[in-house]
Every structure is written in structure tokens, then in C-alpha cells.
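One structure is given below, encoded as C-alpha cells.
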Number of protein chains: 2
Amino acid sequence: MRKSKSRSVERLLRYCEFVKKRLEEGKSYVFSHELADLVGVSPAQVRQDLMVFKIVGTPQKGYPVEEFYRVLSDHLKSGIKTKIILVGVGNLGRAILSYFIKRKPNLEIVAAFDSDPQKTERIYSGTRILHISKMNDFILKEDIKVALITVPADSAQIVADQIIKAGIKCILNFAPVALKTPPEVFVEQLDITLSIEKAAYFANKEAQ
Amino acid sequence: MRKSKSRSVERLLRYCEFVKKRLEEGKSYVFSHELADLVGVSPAQVRQDLMVFKIVGTPQKGYPVEEFYRVLSDHLKSGIKTKIILVGVGNLGRAILSYFIKRKPNLEIVAAFDSDPQKTERIYSGTRILHISKMNDFILKEDIKVALITVPADSAQIVADQIIKAGIKCILNFAPVALKTPPEVFVEQLDITLSIEKAAYFANKEAQ
DNA sequence: TAATCATCGTTAGTTTATTAACGATGATAG
DNA sequence: CTATCATCGTTAATAAACTAACGATGATTA
């Protein structure tokens, strides 16, 4: 899948949340440089992002918050709640389950899966944990499109192949391997340990 | 800080780990396309990464694993264990503490900090949790250079300013705001919720 | 020995992402 | 009323990240 708009989508999601807050505060306008500060890019980048959506601002006033929010939330949020599954209830999987629960109203982790029978058929942080043998059916019946992979590195590709065959279209991969997937599947890599290692690397380099 | 080498550092860390495994398996050589598959780039990119370190391979055989590992680990890992602190012991902070513990032998989260006295002066997942008022001294005395920020969005900047003043050089920011920092400080943004939202966005777009 | 071929090192080119620049606008102040 | 000026929309330029391409190498096979 084209990652082309990937970064801009991140920004748009942030803009949207920020502008919603503005709206609730009763403010009518917002400037590009305020949004730029929020997400850490130049005002030019913000204006470019908004250009695509024909959100027009006026100099001296900025962008009208109400229209801004309406247009963006229309584009970004589908009316329905997006159902998500998590695969791999190890340390990281549990960490994410306990962190993410009810964090966003229109996103829900509806089930988690693991191959270890000791971990399954119970509830963790409000989420059902089922045996991996039930995963295919679940994805199909519940029409799940988004999955978080939190299995060890050497199982990640196997899991990915399996869930893609079952109908998953978007994967957040927390395992430290690159997944081979068909081009229409969106994959985002998110390796916390690697990020920490990288930070440590820069810290030690600076020191010299 | 120049993010220039940031992505290549990620790859080098992965190469290093992979090559170490190869070494333990008793294999003598590794090909660029094997490393490319591992990290999800082209073999050309891998060869370019290695060029910088003068790691030379031979056609038909590939790169010599032993020299490869020696050169890279020399460059990437400092001999000493890197000490890390975590600021903000909410859901996310606890999640990371419980996940990360003893994951990498030369990285250690040596303490966590929070402003809530109810959470402090105890141990969570093997990590001491101290009151935030002790943070400055701790950073100075223990010579900490790396910090994970897991506080809510509206406190993140305040925390960042404070720890940078105390001597922190590298920040992993899990809060959903861009931090304003001096150019010599390395900041990595890591917003799990945002990534999930983004995946949900693509899932819903695909559906149409 | 000679031909083949996978892979190497390196340079050039492409794509993606972001910033710079600049004329246009229209609110505000003199 | 006019001048000023912050900000807008848009295009051009720059920077970063990655891939393509190609001659060179040297192991393998005929």
C-alpha cells in the first residue's frame, strides 16, 4: 500500500483532535503556526495539508474551526466503531491491552488471541482472550480489518500470512521483523525496543 | 539533532542482532539480500549501509559474519550498560515498565518518576518509582542521558524542559505532542494510539 | 581453461517529505 | 483613506531516504 499519505494522515488526526478542543473552548479560528507547533512541522506544511481538503483560511484570522473540524472528522472518522484484534498475549500484548482500553471512543480491541491454552478463555483488562485456532472464524464473522501483532519475531510472518488470508487489511507490527505482505495491505512497524536502543546509541555517541 | 542517520541506525542495530545469531549458528557469511529481507529494504540499501563501515564482502560468498559483527557492535554498543529513566507511571508507563524489563542486557530502566505520591516510593515490575521532586538530582548523580516520557500530553513539554536542563540528551516521547527541544537533543516520537488510529483510518478507507 | 552467474561496490536517479519563497488578502492602526 | 503587516494559497526548491543500474569480481561449472 502506498505509504504516501501516511505522515499527513498522522498530522490530520492530530489537527482534528486539537481543533475539536478549540471548538469546545468556544474559539472560532486557528492559525497554521499553532497547528505546526502541535505536530512539529512548518506552517507551510500545515497549509499544504489543508489545501487538499479545500479548507480555506483568511489572513489575520486563520482557519474557521467549525468548518475545519467538520471537514476533517468527516474524512478521518467513519461513523462506526472500528474493531481491532490483538495477536500475542505476552508481556507486550498485555501491556498494550492494559494501556489502550477505552482510550479512543471509536476504536475497540474486541478480542486477543494466543496459542498458549493457559492464557486463553479468560478476560484480561476487559478483553476476551481466545485460542488462536478461533482466530480465522472470528475475523471473518466479525469482519475485522485491523490487527495488532505482538507475537515473538519468529512467529510474526506466520501470523501475518494467516490473518491477511482471513481478511485483515491493516497491521500494526510490534515484532522486530519486516513483514512480507501484499501491496494492498497497510503495515506499520512499531518497535519500542529498537527505538530505545537507538536512543541509547545516540546518547553514547554524544558522550564521546 | 540531525535525524539523518536515524533510519540507518535502526537497520544497523537489526543487522547486528541478526549477524550475532548467524555467528552463534556457526555460519561464516551473510548476503545483502538476507539482511534486506530482515529489515524490509532493498539489497542496495544494505550494501550502502555497510559501505560506510568499510565492511567488504565478496561476490558468491557475501559478507564475513565475524568481522561484520565485530565492526558493527564496536560502533553500536558502548561497553557500558546504558541507564534509562521513565517519567510518568500511568497506564502506558506501567505497560512499558512491565514489558521492557531485562529485555536488552545493556539497557536498563533504573528508575521511574511520577508526581502522584500514591504511586511513588515503591517498586513496580522491578523498577523503583520515585517522586518527581527527586528527578533532577537523580539524573545528575547517576549521569542519566536517556529518558522515556509517558506523561499526559499537557505535561510532556514541562517534563522535557526539566530533564533536558538536568542533563538528558535523548528522549523517547510517547505523549501525543511534538516537543520543542534544543537541536543537540535527540527526540523520537512514538505514539501508539496515533498509529492505531492511522491503521483504522486506512481500514475504513479501503472499505469504501 | 573459459564461460557463466550471483553478488559486490558505487554512482546516478527516483520518490517522498518538507521547507522556502512570494504575491495576494484583508484586518488594523495611523 | 492609506499604509502596514501577519497570514494565506501556491509553486519552486531542498533534503532525506531509498532503488535502479551497471561494471567488476571471483567462485562454480562445463
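Small disclaimer: the values here were computed from a predicted structure and weren't measured. In what follows, every chain begins at residue 1, and chains take the letters A, B, ... in the order their sequences are listed.
- For Leu12(B) and dC18(D), the CG to P distance is 12 Å, given to the nearest whole Å.
- Of the side-chain N and O atoms in Ser32(A), one or more sit less than 4.0 angstrom from OP1 or OP2 of dC8(D).
- Atom C1' of nucleotide dT7(C) and atom CG of Leu50(B) are separated by 13 Å, given to the nearest angstrom.
- One can place CG of Leu35(B) at 14 Å from P of dT19(D), the figure rounded to the nearest angstrom.
- Under 3.5 Å, the side chain of Gln48(B) and the base of dC18(D) form no donor-acceptor pair of N or O atoms.
- With salt bridges taken as basic N to acidic carboxylate O contacts below 4.0 Å, none links Glu108(B) and Lys83(B).
- At whole-Å resolution of the value, CG in Asp49(A) and P in dT10(D) are 14 Å apart.
- In this structure, Gln162(B) contributes its side chain and Gln157(B) its backbone to no donor-acceptor pair below 3.5 Å.
- For Arg47(B) and dT19(D), the shortest distance from a side-chain N or O to OP1 or OP2 is not below 4.0 Å.
- Look at Asp143(B) and Lys145(B) and you find a salt bridge, because one of the NZ, NE, NH1 or NH2 atoms lies within 4.0 Å of a carboxylate O, short of that distance.
- Per the geometry, OH belonging to Tyr29(A) stands 12 Å off P belonging to dG26(C), to the nearest Å.
- Going from atom CD1 of Ile55(A) over to atom P of dC8(D) covers 12 Å, rounded to whole Å.
- For dC5(C), the base has a donor-acceptor partner in the side chain of Gln60(B) [N/O atoms by modelled type, under 3.5 angstrom].
- Along DNA chain C, the nucleotide closest to Phe31(B) and the one closest to Met51(B) are compared, and the more 5′ of them pairs with Phe31(B).
- Note on Glu197(A) versus Lys77(B): salt bridge recorded, some NZ/NE/NH1/NH2 to OD/OE distance being below 4.0 Å.
- Comparing atom distances between the Lys61(B) side chain and each of dC8(C), dA27(D), dT18(C) picks out dA27(D) as nearest.
- Checking dT25(C), dT7(C), dT19(D) against every side-chain atom of Gln45(B), the shortest atom distance belongs to dT19(D).
- Regarding Phe53(A), its CZ atom lies at a distance of 14 Å from the P atom of dT10(D), rounded to whole Å.
- Salt bridge annotation for Lys104(B)-Glu17(B): present, with a cationic side-chain nitrogen under 4.0 angstrom from a carboxylate oxygen.
- Along DNA chain D, the nucleotide closest to Pro43(B) and the one closest to Val30(A) are compared, and the more 5′ of them pairs with Val30(A).
- Taking side-chain N and O atoms only, Arg7(A) has a distance below 4.0 Å to OP1 or OP2 of dT18(C).
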